[in-house]
Every structure is written in structure tokens, then in C-alpha cells.
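Okay, structure first, notes after.
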Amino acid sequence: MLIFDADDTLWENNVVFERVIDEFLEWMTPPGGDRTGVRAVLDGIEAANAVTLGYGSKVFLHSLGECVARLRGRAATAEESARISGWAAAFNGGTVELIPGVSETLAELAGRHDLLLLTKGDTEEQQRKVAASGLARYFRGVHIVAEKNTATYEDLTRAYDLVPASAWMIGNSPKSDILPARSAGLNAVFIPHDHTWVLEHSELDPDDKKVLRLPAFGELLRHF
């Protein structure tokens, strides 16, 4: 069984958020000011909100509003809130940009393995991206969860009666894809992405032989 992450593994995702963040930092950083400091405030707010509110563009835009209030020392004005709301358009398109090699690789893998899709975030938003990708036909099941932790992978293992030693989690996030999957006894494939969200970063054990590191998605065909 091969289990695939979605955002930034199958299609581009965080780069869209980073484009908005770049505009936000340009707006909120005073002339001669430190963008790094503004970004640190936003990262802290996002980290806290991920725990209580979850993930996705709606939570992200809420975090931008909270960041404005924190930096200004007051609630966002109607004009400021409208500017933040305007960024919602960046996430509401009906298309996704597949990462090179994804469609061809999944088509071949699906011919010889069972595939699952496991993604976290807002259910409606993730369903929309899955539909737009055109990839659902390759997967035996599509699972959208609030969080990807050890219990998530244990639940998936029970649901499909998996043998953990013969199952692989494939993704770009050490925090959500690799470490909790390994904690649940699964193997993992780490395919790094240049724009992985900073909150998904974590250190991997370089001596863990159950983690396969690949430079590109298409390389999966050489191993599976």
C-alpha cells in the first residue's frame, strides 16, 4: 500500500500562500523596517491557530487579520479587513498545478499497487483541490483529516487492515508525513519541496533505514 500526501507532494500549494505572505509583509513592514520580524509574528500566530482552528486558506486569512491587530495594537479597520479578504481569490480558483511527473507516475503505480490519498485541512477546500487535480481515479480511498499524527496513521492501518512493514507514506513534510508515519510503524518516502511550509519542518533521523529519500516524484517508479 502506497499512501500519498497531497499538498506540495502531488500539486503546488504553499507557494500560493507564500506569494500572499510576500505581499502582506510588503504592506505591513514600515520603510526601513524588518520583514523578518513581521514574518516571525505571523508564524507564531499561524502556529497557535493551527492547533485550535486547523489548516487551510480561511484560517490563514484569519491569521493575517490577527497579525494586523497584533502589529497595529488595535483591531483591523474595515479597509484593512477588506484588503485581507481580497486575498481569498488567490485560493478559490478551480485549478491546481500538478508537480511534474505526478500524473504519469500515479497512473503506472496504480497498475501494480493499491494507492491511498491522505491530506489534512479544511474538508471542502481539500475536496475541491482533489477534484480539480483529476487524480482521484488512481486512489482506492481519499481521506481528509484535521491533523496527521501517529493516531491518524494507526487508524488508517486498522481501517485497511494494513501490515505496517509493507505500507509506505509518501510526502514532503517531515512533521506530518514522515515522523508520525514512522511512529506508527510504517515506512516512509521523503520527497522534499523547496516551498514546504515552515511549520511542517522537522529533523529526520539520517540513520533511519525505513525512510527513503528521493529528489523527485518520478523517482518512485525506480523503487515501487
Side-chain angles (χ1 to χ4, degrees), residues 1-17 55 93-121 123 125-145 148 150 152-197 200-202 204-206 208-224:
M1 179 72 76
L2 303 182
I3 308 165
F4 290 85
D5 169 52
D7 293 337
D8 295 319
T9 296
L10 303 182
W11 54 72
E12 298 289 358
N13 179 67
N14 197 52
V15 66
V16 180
F17 287 83
Y55 303 92
T95 63
V96 295
E97 180 185 348
L98 296 183
I99 288 174
V102 161
S103 186
E104 311 92 292
T105 301
L106 288 179
E108 190 165 339
L109 290 173
R112 53 183 187 251
H113 299 288
D114 282 333
L115 311 184
L116 295 176
L117 181 62
L118 177 64
T119 180
K120 71 179 182 181
T123 299
E125 187 167 17
Q126 294 306 100
Q127 286 176 334
R128 185 170 66 246
K129 287 189 282 187
V130 171
S133 75
L135 300 176
R137 65 188 185 275
Y138 298 125
F139 297 101
R140 179 177 167 187
V142 173
H143 297 268
I144 300 170
V145 296
K148 290 159 80 173
T150 302
T152 303
Y153 292 95
E154 291 173 341
D155 289 344
L156 202 64
T157 296
R158 286 190 292 269
Y160 286 90
D161 197 23
L162 301 180
V163 177
S166 62
W168 295 76
M169 178 61 197
I170 299 160
N172 69 294
S173 168
K175 179 176 179 287
S176 294
D177 302 326
I178 310 304
L179 294 176
R182 290 293 298 120
S183 179
L186 281 67
N187 306 291
V189 181
F190 176 49
I191 306 176
H193 189 291
D194 289 341
H195 297 288
T196 295
W197 189 23
E200 295 294 337
H201 294 183
S202 194
L204 298 179
D205 180 358
D208 188 348
K209 305 302 182 185
K210 298 295 186 179
V211 177
L212 176 63
R213 292 166 171 80
L214 297 180
F217 195 88
E219 290 291 310
L220 289 165
L221 295 177
R222 298 178 57 189
H223 299 272
F224 300 98

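When a residue number appears, it is its place in the shown sequence, counting from 1.
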- [ ] In plain terms, say whether Asp205 and Arg182 are close enough for a salt bridge, that is, a side-chain N and a carboxylate O under 4.0 Å apart.
- [x] no
Task: Point-to-point distance, once rounded to the nearest 0.5 Å, from CD1 of Ile178 to CE of Met169 - done: 7.0 Å
Task: Between CD1 on residue Ile191 and CG on residue Leu214, distance to nearest 0.5 Å - done: 5.5 Å
- [ ] Side-chain contact test, heavy atoms from C-beta onward, threshold under 4.5 Å: evaluate it for Leu109 versus Phe4 and give yes or no.
- [x] yes
- [ ] Look at the side chain of Arg112 and the backbone N and O of Phe224, then say whether any donor-acceptor pair between them is shorter than 3.5 Å.
- [x] yes
Task: Check: Ala167 main-chain N/O paired with Asn187 side-chain donor or acceptor under 3.5 Å - done: yes
Open item on the list: Strictly distance-based, threshold 3.5 Å: is any side-chain N or O of Ser133 a donor or acceptor partner for the main-chain N or O of Val130?
Closed with: yes
TODO: Would you tell me whether Thr196 and Asp8 have side-chain atoms, one donor and one acceptor, within less than 3.5 Å of each other?
DONE: no
- [ ] Pick out which of Leu106, Asp114, Leu2 makes a side-chain contact (heavy atoms from CB on, under 4.5 Å) with Phe139.
- [x] Leu106
- [ ] Verify the neighbour count for atom CZ of Arg222: are there more than 12 heavy atoms of other residues, nucleotides or ligands below 6.0 Å?
- [x] no
TODO: Flag the pair Ile99 / Thr9 as yes when at least one side-chain heavy-atom distance between them is below 4.5 Å, and no otherwise.
DONE: no
- [ ] Would you check if Thr119 and Ile144 make a side-chain contact, meaning some heavy-atom pair closer than 4.5 Å?
- [x] yes
Task: Non-hydrogen atoms of Gly185 and Pro164 that approach each other most closely - done: O-CB, 3.4 Å
Open item on the list: Under a 3.5 Å distance rule, please check whether Thr157 uses its side chain to pair with a backbone N or O of Tyr153 as donor and acceptor.
Closed with: yes
- [ ] Hey, could you give me the CD/CG distance between Glu154 and Leu162, rounded to the nearest 0.5 Å?
- [x] 12.0 Å
Open item on the list: To the closest 0.5 Å, what do you measure between CG (Leu212) and CD1 (Ile170)?
Closed with: 9.0 Å
Open item on the list: Between His193 and His195 (side chain of the first, backbone of the second, donor and acceptor by atom type, cut-off under 3.5 Å), is there such a pair?
Closed with: yes
Task: Side-chain heavy atoms of Leu186 within contact of Ile3, under 4.5 Å - done: yes
TODO: Report yes if some heavy atom in the side chain of Leu10 is under 4.5 Å from a heavy atom in the side chain of Phe217; otherwise report no.
DONE: yes
Task: Side-chain heavy-atom pair Asp7, Lys129 within 4.5 angstrom cut-off - done: yes
Open item on the list: Could you check whether any side-chain N or O of Ser176 sits under 3.5 Å from a backbone N or O of Ser173, counting only pairs where one atom can act as donor and the other as acceptor?
Closed with: no
Open item on the list: What's the separation between atom OH in Tyr160 and atom NE2 in His143, rounded to the nearest 0.5 Å?
Closed with: 2.5 Å
Open item on the list: Would you compute the distance between atom CD of Glu200 and atom NZ of Lys148 and round it to the nearest 0.5 angstrom?
Closed with: 7.5 Å
